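Report on the following structure.
Keep in mind that this is a model prediction, so the values were computed, not measured.
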Amino acid sequence: MKKALSALHIFLLFLSYSGYGQDNNRYLAMLVLNIQEDNLYESYANMVPAAKAMGCNSVYIAVRWDITKCPSFQCISDPNVASEWRPVDNVINKALQSGIQKIALRIHLGANNAYGINRSGFIWGGEANEARDMAGNVYTDGYNDKMFSLAHQPSVEKAKNFVTEVTQRYKYLQDQGKLLFISVSITSNQEGEYPHWGIFDYSSYMKESYSNWHLAQYGSTALPPSNLNNEAGKRWYTFRHLKLKEFLDQMGSAVKAVDSNIKFVLDMGSVYDGASKNRGTLGFEKLSCRADGVKINDDISYNHRFSMDLLRTNAPNKWIMNELFPQGSTSEKVNFLKESYQHGAKLVSLVIGSQGSIDEFAPAVQSPEVQQYLTTPMSPITTTTTTTYLLSNILNNSGFNLSGYSQPQKIILNDDVLPQCSPNTCNFNLGIMNSNPNPSCGDAITLTANCTGGNCDGVSYTWTGKGISSSGNFLNISVPKAKGNYMYTLSASKSGCDSKVSTGIIVKECEGNELCAVNRVRLKFRKDCCLNHLAGAQIQGSTNGVTWDSLYTVSQNATGTWQEFNFNNLALYPQIRFVSGSTANGELLEIEFYQGAKKLYGTLFGTGGNYANAMDGDETTLWTGQTAGKTNFIGLVLKGCGDGS
């Protein structure tokens, strides 16, 4: 008897920067910095109920790359140490239990090397890739975190991968309507900008990138200047702006690729004070043109009316937000909160690291003036006064006029320096509809492009897959008659936009045993030499033993110990194999294939007379091929899913 089971898997990889819908609530957030090295998993969580009782209706949590990927001293001895999510998970769980309305995440991409733990080296490669001052010193400040150079793209790519991982892990909050927004920070003060006390970055990567840009723009190479107060300084400011914007756009794209409905917000120190020129944030309008909002961190003594008016005027239809530390008198805190909300703030975050912070904030938060705003929906703000500034004048240290006033104003920042930023015109979502989600083997089906949103006009579609290459908004195919995985990719293109949706027709069972999708490999490479030979190896799958699809490429060197590689794969291949890189001869002591925690078995095959050594359970026997290259492979013809019984 022939049985068929199939599933259609649709993955959306489209970037969309849309507005915030009809949420008219104001938010007061408990900000959890997670700066402690001893990983206080419970203390922050235990403060959440008290913060809620005080008046907080949201929690803003820092997700630290360094502590998550390199907890304690474990990463020094174990490169495959498990990620540590408890500092975040515990606060989220307590917030949900306490009835907190919304949760926001700040993905912090700095690294703290305290207590002799080389976290920056572990997660992005160490000092060679880090931001430096003019004297060549690696930057540290604030909470003593280091940051990678924004011109070192390999580090940026690693950061994107972590942002993607965090977004995927906490996407369930978005699905439940609990996720407020996601931001990223890179400086030692947990802000998404350049450090405020110097015109960074003078690393070799940044200097080379600037010189190449200067050559393309002005016909000559140049080194970064020492100040921003002349024509050379204006060029350096412009380049730093473009590099920062490029970085922020990439981080936002990583978030949106997981779910285009998740809001991405810029989190900065200030955008108008004396240090903002160093931060590179004066041109915040261009930096945020593809983001969903801008949050800043006002000092208690700043003009909060002006800061919110400036943001609101130049970032229209986006969330504007502020941040308050536990400092100043109760009346100063009341004014901070009241003026921020009155002039358009959607959220104010309170930096809370102890019960004492809550006690200090409580009188201001619970004052009638502040409660009036927290319990009243937002409404449009009208203005009668307009003031205009030129960015070129601000850069020349003329500054802003911060005289006091009471009613909201329109504060226009006329950017006459920086290149224009095109807002996102790709406001469409792409999906695939299947005419028969549960076909039998060999059935004919139709896959149809499904475009929704405001910018579907002008989108063109191309379909590719095994034996398929066609254009148009639909594809007629027949479900394969053999079990396995069959991928068909829909590519949608529009000027300035790129989006892809892949759908896999997985025939799990036509006859015979159901297969597993391999998504994890454990291996032990030789340790006596040649550890760099592992890089470039691939895990491949095949439905017929002739044509092989690459599922994962190893990018790191061997360690001589057991290493584990996890990868996203839904494909059901009856044959799976490890293929050596171009410089290797196999050189495995052992290898194991898994679906999750389930170890897979089957009939062994490979090249070289001793390939069985890599699956004999003996870590002292070595498999080596006769010649180096990708002709060396070892694999399994799988016997169903699991032990093959």
Any non-hydrogen side-chain atom of [X] less than 4.5 Å from a side-chain atom of [Y]?
| X | Y | value |
| --- | --- | --- |
| Lys256 | Ser253 | no |
| Leu180 | Trp319 | yes |
| Lys295 | Arg106 | yes |
| Asn401 | Tyr389 | yes |
| Val417 | Leu395 | yes |
| Pro377 | Asn25 | no |
| Pro224 | Tyr202 | yes |

Approximate separation, where rounding is to 0.5 Å, of [X] [atom1] and [Y] [atom2]:
| X | Y | atom1 | atom2 | answer |
| --- | --- | --- | --- | --- |
| Tyr272 | Asp298 | OH | CG | 4.0 Å |
| Thr313 | Ile320 | OG1 | CD1 | 8.5 Å |
| Trp213 | Trp236 | CH2 | CH2 | 10.0 Å |
| Ile199 | Met134 | CD1 | CE | 6.5 Å |
| Met268 | Leu244 | CE | CG | 5.5 Å |
| Met321 | Ser349 | CE | OG | 9.0 Å |

Quick one: does any side-chain atom of [X] pair with a main-chain N or O of [Y] as donor and acceptor, under 3.5 Å?
| X | Y | result |
| --- | --- | --- |
| Asn113 | Ser120 | yes |
| Ser276 | Ser270 | yes |
| Tyr218 | Arg235 | no |
| Lys263 | Asn261 | yes |
| Arg305 | Tyr405 | yes |
| Asn314 | Leu413 | yes |
| Tyr341 | Tyr27 | yes |
| Asn57 | Arg26 | yes |
| Asn129 | Trp124 | yes |
| Arg119 | Cys70 | yes |

[X] and [Y]: aromatic ring centres closer than 6.0 Å?
| X | Y | answer |
| --- | --- | --- |
| Tyr194 | Phe200 | no |
| Phe336 | Tyr302 | no |
| Phe306 | Phe400 | yes |

Around atom [atom1] of [X], are there more than 12 heavy atoms of other residues, nucleotides or ligands at under 6.0 Å?
| X | atom1 | answer |
| --- | --- | --- |
| Asn568 | CG | no |
| Glu246 | CD | yes |
| Lys234 | NZ | no |

For the residue pair [Y] / [X], report whether a side-chain donor-acceptor contact shorter than 3.5 Å exists.
| X | Y | result |
| --- | --- | --- |
| Ser209 | Asn212 | no |
| His196 | Asn278 | no |
| Lys69 | Ser83 | yes |
| His304 | Ser340 | no |
| Asn144 | Asn112 | no |
| Ser493 | Ser460 | yes |
| Asn189 | Thr187 | no |
| Gln153 | Gln250 | yes |
| Asp267 | Ser185 | no |
| Gln407 | Thr384 | no |
| Asn414 | Thr388 | no |
| His152 | Ser155 | yes |

(request) Please name all residues satisfying side chain to side chain donor-acceptor pair (under 3.5 Å) with Asn397, sequence neighbours left out, ordered by chain then number. (result) Asn229, Lys277
(request) For Gln409, check side chain to side chain donor-acceptor pair (under 3.5 Å) against everything at least two apart and list the hits. (result)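 Once residues adjacent in sequence are excluded, Gln409 has no partner under the side chain to side chain donor-acceptor pair (under 3.5 Å) criterion.
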(request) Write down the atom of Val459, the atom of Ala492, and the distance for their closest heavy-atom approach. (result) CG1-CB, 3.8 Å
(message) My understanding is that only one of Thr68, Ile67, Val63, Val88 makes a side-chain contact (heavy atoms from CB on, under 4.5 Å) with Asn34; could you say which?
(response) Val88
(message) Whether Arg132 engages the ring of Tyr139 as a cation-pi pair (distance to the six-membered ring centre under 6.0 angstrom, angle to the ring normal within 45°) should be assessed.
(response)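 No - Arg132 does not lie over the ring of Tyr139 by the 6.0 Å and 45° rule.
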(request) Apply the test salt bridge (charged side-chain N to carboxylate O under 4.0 Å, His left out) to residues Asp201 and Arg240: give CA-CA distance (whole Å), side-chain angles for both, the deciding distance (0.1 Å), then the verdict. (result) CA-CA 8 Å; Asp201 164 29; Arg240 292 169 79 243; over 6 Å; no
